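In this text the structure is predicted, and so the values were computed from the model without any measurement. Proteins come first, then strands; the chains are lettered A, B, ... in the order of their sequence lines, and each starts at number 1.
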Protein chains: 2
Amino acid sequence: MPQADRRISNSREDILDAAQRVAVREGPAHVTLDAVARDCGLSKGGVLYNFPSKDALISGMLERLIGTIRLIIEQHREARKGQPNPTLRAVVAASKFTDEFDPNVQMAILAAAAQNPELLEPLRAEFAEQYANIQQEAKDPDLAMVLWAATHGLMFQTLLGIAPFPAERQNELIDRLLAHIEKSAR
Amino acid sequence: MPQADRRISNSREDILDAAQRVAVREGPAHVTLDAVARDCGLSKGGVLYNFPSKDALISGMLERLIGTIRLIIEQHREARKGQPNPTLRAVVAASKFTDEFDPNVQMAILAAAAQNPELLEPLRAEFAEQYANIQQEAKDPDLAMVLWAATHGLMFQTLLGIAPFPAERQNELIDRLLAHIEKSAR
DNA sequence: AAAACTATACCGACCAGACGGTAAACTATA
DNA sequence: TATAGTTTACCGTCTGGTCGGTATAGTTTT
């Protein structure tokens, strides 16, 4: 990503921004090519020039989403370098910041994935990598997996809006998770 | 639900059966009123007579799904009556049988919920009840929640096809979960 | 008991709108 | 002037939903 590339066309980023805005503002179902085009001040043709299909657009959204999450995780992991279970702890800690990512955006991706499961491939890859790292670092791999899964359980519950407790309680639980991990490392 | 009621019209059940078949056979995106009607040998009008809207149909699917899962959980809970954490252990144990419910069916509901989150209300209610029971029964409520969440994490991973391990490993993990619960009860 | 009436369950043609995608023409830039 | 980027106009399809109509069974009226 040299500067040249970015200047020539930051339309892609603009379009992805617009797609997110549309998802947040109008709901996951309204992330259509027309709506996105309208929002970013481009024509539909212009959008389709940058993303040759709607699936490509959704893919772009997911990849960018994973990218930013990855960054957060990486920061947390850096801070825990040398300590036990750095990846697991980073992932769990990062999950506290998930609220910043609007559920509607994630739901838009999920809805698209219902029609074309391959769209989730980047997510699968990310999970596979996390899995490998966590397993390798863990003294008790099974326990590590349980705690990793718990994080996802909490995330999905809030994503779908079916969590039976408020956000603060969820944060408590995440802290409890982290405590568990530290205890298990000893 | 006296017998009379059921005999007068089992169309609703027939339609729900068809909707499931369509979801499994053609994928979540193809669960349309036309497709369901075709599959159950009714006309679209007939389907809409029984379910006044597509949302109503999806709602029907979800409610029936929850009903059957509830049954399984109830059986497990009955078998654990008097022991500690009966609900939590029942829910976790029942999650082993989730594979029997085709992901496509669940994805169809999820996709519809992206357009109308209220559709998930029955699920929210079910979760709230599980939550209340589990919390009340647990000696360590936080830990119980972590394990409950872990179950959901595993379920969602396989539902979305992004689990980084095979089904056997997942079952191992569930057993590990159960072991954890028993240990924590002492 | 025959006729008139009503309710239930269903049919199937049709519609309006949304949506993804295409193609040709235009524009600016290097 | 060639190429990248974008616009405009249009198309075809899919889909949820409406609506008038029908057949059958049951109920009331005469």
Side-chain angles (χ1 to χ4, degrees), chain A residues 1-19 22-23 25-62 107-109 111-116 118-119, chain B residues 1-19 22-23 25-62 107-109 111-116 118-119:
Chain A
M1 37 300 295
Q3 284 182 339
D5 283 1
R6 278 200 49 74
R7 189 161 43 77
I8 283 178
S9 152
N10 54 358
S11 294
R12 279 180 64 96
E13 294 300 314
D14 290 348
I15 292 168
L16 292 177
D17 289 343
V22 171
R25 179 167 15 99
E26 306 179 33
H30 293 95
V31 181
T32 68
L33 293 177
D34 285 295
V36 172
R38 218 177 303 130
D39 189 279
C40 71
L42 240 60
S43 69
K44 183 156 70 166
V47 171
L48 278 163
Y49 177 80
N50 288 276
F51 294 95
S53 70
K54 192 189 176 181
D55 276 3
L57 173 62
I58 300 284
S59 240
M61 292 177 71
L62 176 57
M107 282 307 282
I109 297 170
Q115 301 181 31
N116 179 9
E118 294 168 26
L119 285 176
Chain B
M1 36 302 291
Q3 284 181 340
D5 283 0
R6 278 199 49 73
R7 191 161 41 76
I8 284 178
S9 152
N10 53 358
S11 293
R12 280 179 64 95
E13 294 300 314
D14 291 347
I15 292 168
L16 293 177
D17 290 342
V22 171
R25 176 164 20 95
E26 305 178 34
H30 294 95
V31 182
T32 67
L33 294 177
D34 285 295
V36 172
R38 218 178 303 130
D39 189 279
C40 72
L42 242 60
S43 70
K44 183 153 71 168
V47 172
L48 278 165
Y49 178 81
N50 288 277
F51 295 94
S53 70
K54 192 188 175 181
D55 276 2
L57 172 62
I58 300 285
S59 239
M61 293 176 72
L62 175 57
M107 282 307 281
I109 297 170
Q115 301 181 31
N116 179 8
E118 294 168 27
L119 285 175

Subject >> Secondary-structure string, 5' to 3', Watson-Crick or G-U under 3.5 Å, | for another-strand partners, for DNA chain C >> reply: ||||||||||||||||||||||||||||||
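- With sequence neighbours excluded, the residues satisfying side-chain contact (heavy atoms from CB on, under 4.5 Å) with B:A114 are A:P28, A:M107, A:A111.
- Comparing atom distances between the B:S53 side chain and each of D:dG17, C:dG20, D:dT6 picks out D:dG17 as nearest.
- Taking CG from A:L16 and OG from A:S11, the interatomic distance works out to 10.5 Å, rounded to the nearest 0.5 Å.
- When each of C:dC11, D:dT6, D:dG17 is scored by its nearest atom to the side-chain atoms of B:K54, the top-ranked nucleotide is D:dG17.
- Candidate nucleotides D:dG17, C:dC10, D:dG5 were compared by shortest atom distance to the side chain of B:S11, and C:dC10 ranks first.
- A straight line from CD1 of B:I15 to C1' of C:dC10 spans 10 Å, rounded to a whole angstrom.
- In this structure, the CZ atom of A:F51 is 16 Å from the C1' atom of C:dG21, given to the nearest Å.
- Atom CG of B:N10 and atom C1' of C:dC10 are 14 Å apart (whole Å).
- Regarding B:R12, its CZ atom lies at a distance of 15 Å from the C1' atom of C:dC10, rounded to whole Å.
- Residues B:L33 and B:F51 fail the side-chain proximity criterion, which asks for heavy atoms closer than 4.5 Å.
- Remark: P of C:dG20 and CG of A:N116 are 14 Å apart, rounded to the nearest angstrom.
- For B:L48, the side-chain atoms get nearest to D:dG17 when compared with the rest of C:dC11, D:dA4, D:dG17.
- Listed pair B:N50 / C:dC10 meets the phosphate criterion, a side-chain N or O lying under 4.0 Å from OP1 or OP2.
- Remark: B:Y49 is not in phosphate contact with C:dC10, judged by side-chain N or O atoms under 4.0 Å from OP1 or OP2.
- Residues meeting the salt bridge (charged side-chain N to carboxylate O under 4.0 Å, His left out) test with A:K44, sequence neighbours left out: A:D34.
- Minimum heavy-atom separation, A:G46 to A:N50: O-ND2, 2.9 Å.
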Would you give me the side-chain donor-acceptor pairs under 3.5 Å for residues 54-61 of chain A, sequence neighbours excluded?
residue	atom	partner	partner atom	Å
A:K54	NZ	A:V31	O	3.0
A:D55	OD2	A:N116	ND2	2.9

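- Of all heavy-atom pairs spanning B:E26 and B:H30, the tightest one is O-ND1, 2.6 Å.
- In plain terms, the two heavy atoms of B:I15 and B:C40 that are nearest each other are CG1-SG, 4.0 Å.
- Within the model, atoms CG of A:N10 and CD of A:E13 stand 8.0 Å from one another, a figure rounded to the nearest 0.5 Å.
- Annotation: side chain to side chain donor-acceptor pair (under 3.5 Å) contacts of B:D39 (sequence neighbours excluded): B:R21, B:R25.
- Take A:A113 and apply the side-chain contact (heavy atoms from CB on, under 4.5 Å) test, not counting sequence neighbours, and it matches A:L120.
- Taking A:Q115 as the reference, B:A29 meet the side-chain contact (heavy atoms from CB on, under 4.5 Å) condition, with sequence neighbours excluded.
- Atom pair A:R38:CZ and D:dT7:P shows a separation of 14 Å (rounding to whole Å applied).
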Polar atom pairs between nucleotides 8-13 of chain D and protein, under 3.5 Å, N or O only, would you list them?
none

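- In this entry the distance linking CG of B:L42 with P of D:dG17 reads 17 Å, nearest Å.
- Using a 4.0 Å cut-off on heavy atoms, none of the residues of residues 27-36 of chain B approach DNA chain C.
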